[in-house]
Amino acid sequence: MVSISLRDEALPLLVFLLLLQATQPGVSRTAYEPTWESLDSRPLPNWFDDVKFGIFIHWGVFSVPSYGSEWFWWYWQGSKVASYVNFMKKNYPPDFRYEDFGPQFTAEFYNPLQWAITLEESGAKYVVLTSKHHEGFTLWGSKVSWNWNSVDVGPKRDLIAELVLAIRSTTNLHFGLYHSLFEWFNPLFLSDKNSSFATRRFVDTKTLPELYELVTKYQPEILWSDGDGDAPYTYWNSTGFLAWLYNESPVRDTVVTNDRWGNGCICKHGGYYTCTDRYNPGHLLKHKWENCMTIDRYSWGYRRNALISEMLTIEEIVQELVETVSCGGNLLLNIGPTSDGRIPVIFEQRLKQIGQWLKLNGEAIYSTKPWRAQNDTVTAGVWYTCRPKEKALYAIFLSWPSKWELVLGEPKAMTEKTEVQLFGFEKKLNWSSLGEQGMVVHLPALSYSQMPAPWGWVLKIVGLNEEVKQYKG
């Protein structure tokens, strides 16, 4: 266990790292206008398509009750779902308020260096932390969230600054921040909503000041917006903010944004598309997209009442990653830490398992491009990626064939030229041609314990009778 404390050193060192990052030579820039036509023309920074895999972290006051969902406050006092109402009646006094959970969000076991190590071991290349969810509690000392932030209440620490420093000083991970535009019960937002969003007091005094502060203070490489509260982008002044972000902010050359900037924007405007939670179209899209999904099938935040059967298996996570990348997307896999700052063991295990798989098979994932066929037309459970420069095709199969023969209907192989390699196995594999119908790869007769990876396997195929190139939807 790493025992170095970042609490006192975090801010001075963070400032130094951010200044160093900001002074690096940038790419040539275009001036973007505050219109979707102009903003949507901005090319996505190349690094985002290369990394393929990131970790989402949902952490906040909702981690204290840790019951049902990170939407606990809304389900309890907004829509008044019976199970949540009964949970509070049974376990808390009648006058208990949601705000009373704040001091119990203690983070006493929060070790950002250990988090950074675990995140890097997962094989992920970027991380996105919830700076503020719909409850409005901020994980930093927000100047416009008085007495409802982690510096004034609970941990009495800038939780974001500590993780930023740990990640940027010890790993190569790209750091991003999630931010909810609206807040369920903020009186200013509710007042604006009652005016059919004709007034903008909440935006001007809360949302926009927070966004500018987050960007200038922490310089995130991803700004993951969410929670439009059914308000249009004009209410949020999203185009005005994004024009500043792309033109003037300290991360203007490197920052990546998503598509959740107002009612009607999702899957239509912004940077990359998320479309819906757990979005996995199963086919190639013309626009870069991300599949944000969570290990816990029912919640993004930590749940004390979760069952092991409600967690994705490592086989399911590998399948989700492979399908997503084959279709041109990135996978953002979520975990929910506890209120005392621990990454639950089941999440840590899954992260280490996917890291183990990527350590062997990452060549077929990172910096790859979609091929002309995303999956095989003959054998189910086979997905393709490629590297055009290396003229290499990767066939990722998720079930080991019982007769040690894998039929691939898509690759056009050539006798005495096409070579097939199984990652983790030294010898090149034999194969047979099926003419126009593809090829049969003869796999080594390995026992389960001898297999190079137990949750999915990769064949690297070179020397095909066709150009290996990237395809776009």
Side-chain angles (χ1 to χ4, degrees), residues 31-42 60-62 70-81 97-99 130-140 142-149 177-217 220 223-249 255 257-277:
Y32 295 98
E33 299 295 325
T35 65
W36 285 125
E37 182 181 7
S38 177
L39 297 170
D40 290 346
S41 72
R42 177 181 182 257
V61 171
F62 51 79
E70 74 287 350
W71 278 54
F72 181 92
W73 193 2
W74 178 257
Y75 290 150
W76 170 34
Q77 294 188 320
S79 56
K80 301 185 185 301
V81 175
R97 305 174 306 156
Y98 187 82
E99 292 88 342
T130 51
S131 68
K132 183 195 77 172
H133 201 257
H134 311 322
E135 65 187 11
F137 187 89
T138 67
L139 299 192
W140 85 102
S142 169
K143 297 176 182 178
V144 292
S145 188
W146 180 80
N147 212 35
W148 192 232
N149 65 75
L177 288 171
Y178 165 107
H179 177 267
S180 174
L181 296 173
F182 91 126
E183 298 171 14
W184 286 312
F185 300 108
N186 190 295
L188 294 178
F189 175 74
L190 296 177
S191 175
D192 288 348
K193 185 176 182 178
N194 288 335
S195 74
S196 298
F197 302 115
T199 59
R200 302 177 65 253
R201 290 181 62 200
F202 178 73
V203 176
D204 294 337
T205 63
K206 190 68 163 65
T207 300
L208 287 178
E210 280 184 344
L211 283 170
Y212 286 115
E213 184 181 6
L214 282 173
V215 172
T216 55
K217 190 170 186 177
L223 195 56
W224 215 100
S225 182
D226 192 26
D228 59 45
D230 296 325
Y233 75 87
T234 50
Y235 168 74
W236 297 112
N237 191 24
S238 297
T239 53
F241 171 75
L242 289 173
W244 170 83
L245 185 69
Y246 295 165
N247 292 327
E248 303 176 44
S249 79
V255 71
T257 61
N258 66 343
D259 56 350
R260 303 186 182 195
W261 293 100
N263 191 16
C265 288
I266 194 166
C267 218
K268 184 177 180 181
H269 294 302
Y272 61 86
Y273 292 168
T274 61
C275 299
T276 64
D277 291 347

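Side-chain atoms of W74 and F185, non-hydrogen and from C-beta on, do get closer than 4.5 Å to each other. With a 4.5 Å cut-off on side-chain heavy atoms, W140 and E213 count as touching. Put simply, the side chain of L223 reaches to within 4.5 Å of the side chain of L211, judged on heavy atoms. Residues T207 and H179 form a side-chain contact, since some pair of their non-hydrogen atoms from C-beta on lies under 4.5 Å apart.
For N186 against E183, the heavy-atom pair with the smallest separation is ND2-OE1, 3.0 Å. Contact record, C267 with Y273: O-CE1, 3.6 Å, taken as the closest heavy-atom pair. The two residues P232 and F197 make their nearest non-hydrogen contact at CD-CD1, 4.2 Å. Considering every non-hydrogen atom in both C265 and W36, the closest pair reads SG-CZ2, 3.6 Å. Closest non-hydrogen pair, L181 versus K132, comes out as O-NZ, 4.2 Å. The minimum heavy-atom distance linking L188 with T205 is given by the pair CD1-OG1, 3.4 Å.
For the residue pair E70/H133, the side-chain donor-acceptor check at 3.5 Å is not satisfied. Under the 3.5 Å distance criterion, with hydrogens and angles disregarded, a donor-acceptor pair is assigned to the side chains of E135 and Y98.
With values rounded to the nearest 0.5 angstrom, D40 atom CG is found 11.5 Å from R42 atom CZ. Rounded to the nearest 0.5 angstrom, S131 OG and L177 CG are separated by 5.5 Å. To the nearest 0.5 Å, the span separating CG on L242 from OG1 on T35 amounts to 11.0 Å. Remark: L139 CG to T130 OG1 distance equals 5.0 Å, nearest 0.5 Å. The structure places NZ of K193 at 10.5 Å from OH of Y235, a figure rounded to the nearest 0.5 Å. Rounded to the nearest 0.5 angstrom, S41 OG and Y246 OH are separated by 9.5 Å.
Y233 and H269 have their aromatic ring centers separated by at least 6.0 angstrom. Ring to ring, W244 and F241 are close: their centroids are under 6.0 angstrom apart. A ring-centre distance under 6.0 Å is not found for F189 and W184.
A distance-only check finds a donor-acceptor pair linking the side chain of S180 to the backbone of F182 [under 3.5 Å]. In this structure a side-chain-to-backbone donor-acceptor pair under 3.5 Å is missing from D259 to G271. S145 places no side-chain N or O within donor-acceptor distance of the main-chain N or O of T138, the cut-off being under 3.5 Å. Side-chain atoms of W261 never come within 3.5 Å of backbone atoms of S225 as a donor-acceptor pair (strictly under, hydrogens ignored).
With sequence neighbours left out, F137 forms a ring-ring contact (aromatic ring centres under 6.0 Å, His included) with F105, W148. Residues passing the side chain to side chain contact (heavy atoms under 4.5 Å, CB included) test with D226 are H134, Y178, W224, R260, sequence neighbours excluded.
Checked against D204 for a salt bridge (charged side-chain N to carboxylate O under 4.0 Å, His left out), the options K206, R201, R200 give a single hit: R200.
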